Structures are given as C-alpha cells and as structure tokens.
Amino acid sequence: MREGHRGTGPGAITPDGCAVELYSRLPVGDEPDIVTMAAPAGARILELGCGVGRVTRPLVERGFSVTAVDESAEMLARVSGARTIRSPIEDLDLGERFDDVMLASFLVHTADPEVRRGLLSTCVRHVAEGGSVLIQREGADYHTNVPRQRVDPSGFTVRIVSAQPVGDGVNSVHVEYEFPDAVWTQTFRARPLTGEQFDRALAESGLRVDRCLTEDGTWVRAVPLG
C-alpha cells in the first residue's frame with residue numbers, strides 16, 4: 001500500500017486502496033459522453049489509470065482506439081477490447097503520441113506534488129501536436145461538503161465519510177461503498193487545488209486549460225503551451 005492509502009472489502013485491493021471487484025461493479029457514468037464531445041471521431045486515446053475498463057469499453061464501442069494503462073495487473077485483467085499496458089503512470093514512456101490523453105479519477109489531486117508533476121509530464125510526453133489532455137478534477141466543495149452520500153439508481157450507496165487534514169494542504173479522505181451483499185471502503189490522501197493552483201500546476205508541466213467540458217468545471221480540456 002502507498003503511504004496513507006488503504007482499502008477493505010472482498011477481492012484484490014490495489015496499492016492506492018481501490019478494490020478491483022468494487023470497480024467492476026460501478027456503472028458507467030458520463031465520462032464516455034464527455035470524451036466523445038471533446039475528441040475527434042476515431043481518435044487514438046491514451047487512458048491513464050484505466051482501472052477495470054469501465055470507461056474503456058464504451059470508448060472502444062464508439063470507435064475510438066484506446067491504449068489503457070494501469071499499474072494493477074488485477075485491474076488490467078478485466079479490460080477488454082483495448083491495448084493494455086501495465087505501468088505506473090509517472091514512469092510511462094511509450095515513444096508514441098496520441099490525439100487525446102485522459103487523466104481521470106481525480107489523479108491530478110495526488111497528495112505528492114512530485115507525483116503530480118510526473119503524471120502531467122506523462123500527459124505532455126504523449127499528446128500529439130494539435131491534441132489535448134482531458135483532465136478530471138475535484139469539485140470546489142469536494143473536501144468541505146462532508147459527510148455526504150449518494151444512492152445510485154442501480155442500488156448501491158456511496159458515502160464520503162470524512163476529509164481530515166494531515167498537513168501540508170493534504171487531506172485523508174475516507175469513502176464507503178455499500179451494496180446489498182458487500183461493503184468496500186477506501187482511504188486515500190488528496191490535495192485540494194484552487195483554480196489558481198490547478199492552473200499553476202498545469203503551467204509547470206507545459207499545459208494550459210483550453211476550455212471546461214462540464215458546467216461544473218470538473219472536466220477540462222488542456223493543451224500544450226505555445
């Protein structure tokens with residue numbers, strides 16, 4: 001386990017506390033629609049932190065060519081229809097360029113600034129000229145509107161139980177997922193970023209926000225500086 005990360009529940013748990021079986025159960029959200037709106041038809045997409053392929057499969061079905069990257073062999077074993085690569089994101093160097101690079105799952109909010117720089121550098125290293133980086137970031141009240149919960153129409157409940165400061169602007173976030181037949185928890189460290197801090201972090205890696213892809217600003221399209 002990474003420092004400050006842990007998970008509980010049935011099945012394999014990844015180094016950042018994610019439960020493979022849990023993520024296999026989660027429904028597809030609006031991510032495929034967001035990507036389809038932002039990426040050209042048939043684009044080559046590099047999906048960083050693909051997990052079990054929850055978003056990968058719908059993108060492939062829509063005609064995109066997806067290269068899916070994750071550090072967990074157990075997660076990648078459940079991905080179908082796409083080229084898969086096992087690697088920590090910050091170490092990835094494929095020697096290829098893609099029309100669009102995806103950095104979802106709030107990965108940009110990793111607690112370690114050096115890891116964040118590594119993630120964004122990987123994005124820049126792999127985006128083609130004229131391409132874009134599609135980044136998911138936290139909502140403004142993600143760490144302050146707690147506890148909160150949401151009941152999914154498919155029948156499970158997700159609770160953000162707490163977000164406790166642990167120093168240096170980092171919070172320890174505890175989440176519970178309750179299904180009728182199983183419960184999973186995940187605890188991880190995340191760094192809230194103001195809009196100014198987010199823009200500065202992107203600029204340090206040679207990126208800038210081109211436009212927001214969602215009304216709440218949680219998805220943005222970034223492009224290389226220049």
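Remember, it's a predicted structure, so these values are computed and weren't measured experimentally.
- Listed by chain and number, the residues in a ring pair (Phe, Tyr, Trp, His ring centres under 6.0 Å) with Y177 amount to none (sequence neighbours excluded).
- D112 is linked by a side chain to side chain donor-acceptor pair (under 3.5 Å) to nothing, counting only residues two or more places apart in sequence or in another chain.
- When atom types are taken as modelled, the side chain of R125 and the backbone of L92 share a donor-acceptor pair closer than 3.5 angstrom.
- In this structure, R44 contributes its side chain and R97 its backbone to a donor-acceptor pair below 3.5 Å.
- D30 meets the side chain to side chain donor-acceptor pair (under 3.5 Å) test with no other residue; sequence neighbours excluded.
- Annotation: cation-pi pair R137/F198 present, NZ/CZ under 6.0 Å from the ring centroid and within 45° of its normal.
- Here salt bridge (Lys or Arg N to Asp or Glu O under 4.0 Å) pairs that include residues 162-171, with residues two or more places apart or in two chains, are D168-R191.
- Linking ILVMFWY side-chain heavy atoms closer than 4.5 Å, directly or via other members, places V115 and L107 in a single hydrophobic cluster.
- A donor-acceptor pair under 3.5 Å is absent between the side-chain atoms of N171 and the main chain of V173, judged by distance alone.
- Closest approach of L120 to S205, counting heavy atoms only: CB-OG, 3.4 Å.
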Stepwise side chain to side chain contact (heavy atoms under 4.5 Å, CB included) test for S132 and D210: CA-CA 9 Å; S132 64; D210 176 60; over 6 Å; no
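- Between M1 and I13, the closest side-chain pair of non-hydrogen atoms falls below 4.5 Å.
- A salt bridge does not link R150 to E178: none of the charged side-chain nitrogens sits closer than 4.0 Å to a carboxylate oxygen.
- The only option from I85, D100, D99, L94 that meets the side-chain contact (heavy atoms from CB on, under 4.5 Å) definition with L46 turns out to be L94.
- D152 and R25 are not joined by a salt bridge, as no carboxylate oxygen comes within less than 4.0 angstrom of a charged side-chain nitrogen.
- In this structure, M75 CE and R54 CZ are separated by 10.5 Å, a value rounded to the nearest 0.5 Å.
- Judged purely by distance below 3.5 Å, without hydrogens or angles, the side chains of R78 and S24 pair a donor atom with an acceptor atom.
- A201 approaches R116 most closely through the heavy-atom pair CB-NE, 3.6 Å.
- With respect to E204 and R200, no salt bridge is recorded, no charged nitrogen being found less than 4.0 Å from a carboxylate O.
- Linking Ile, Leu, Val, Met, Phe, Trp and Tyr whenever their side-chain heavy atoms come within less than 4.5 Å puts V209 and L207 in one cluster.
- By the 4.5 Å heavy-atom criterion applied to side chains, V101 and L134 are not counted as neighbours.
- R148 and D141 are not joined by a salt bridge, as no carboxylate oxygen comes within less than 4.0 angstrom of a charged side-chain nitrogen.
- For residues 99-129, the set of pairs meeting the ring pair (Phe, Tyr, Trp, His ring centres under 6.0 Å) definition, not counting sequence neighbours, comprises F106-Y142.
- With hydrogens and angles disregarded, no donor-acceptor distance shorter than 3.5 Å links the side chain of R6 to the backbone of G17.
- With hydrogens and angles disregarded, no donor-acceptor distance shorter than 3.5 Å links the side chain of S172 to the backbone of R189.
- Remark: the backbone N or O of P10 is paired with a side-chain donor or acceptor of W184 at under 3.5 angstrom.
- Side chains of V20 and V52 form a contact here, defined as non-hydrogen atoms less than 4.5 Å apart.
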side-chain hydrogen bond (donor to acceptor under 3.5 Å, both in side chains) evaluation trace for E176 with T185: CA-CA 4 Å; E176 296 177 351; T185 73; over 6 Å; no
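- When side chains are defined from C-beta on, V220 does not count as touching R211, because their heavy atoms never get closer than 4.5 Å.
- Put simply, the side chain of Q136 never gets that close to the backbone of E31: no donor and acceptor are under 3.5 Å apart.
- Annotation: R86, atom CZ; neighbour count of heavy atoms from other residues, nucleotides and ligands within 6.0 Å does not exceed 12.
- Legend: residues meeting side chain to side chain donor-acceptor pair (under 3.5 Å) with R2, ordered by chain and number and at least two apart, are E71.
- Atom CZ of R117 sits in a crowded spot, with more than 12 heavy atoms from other residues, nucleotides or ligands closer than 6.0 Å.
- In this structure, the side chains of Y23 and C18 come closer than 4.5 Å at one or more pairs of heavy atoms.
- In this model, no donor atom of one side chain and acceptor atom of the other lie less than 3.5 Å apart for H174 and S162.
- For the residue pair E74/S72, the side-chain donor-acceptor check at 3.5 Å is satisfied.
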Applying side chain to side chain contact (heavy atoms under 4.5 Å, CB included) to M102 and L59, what does each step give before you reach the verdict? CA-CA 12 Å; M102 289 175 56; L59 291 178; 3.7 Å; yes
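- In terms of heavy-atom proximity, A222 sits nearest to L202 at CB-CD2, 3.9 Å.
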After noting the C-alpha distance and the side-chain angles of R62 and T36, does the key distance pass the side-chain hydrogen bond (donor to acceptor under 3.5 Å, both in side chains) rule? CA-CA 8 Å; R62 296 182 188 206; T36 300; 3.1 Å; yes
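- Cluster membership for L76 and L26, using ILVMFWY side-chain heavy atoms within less than 4.5 angstrom, is not shared.
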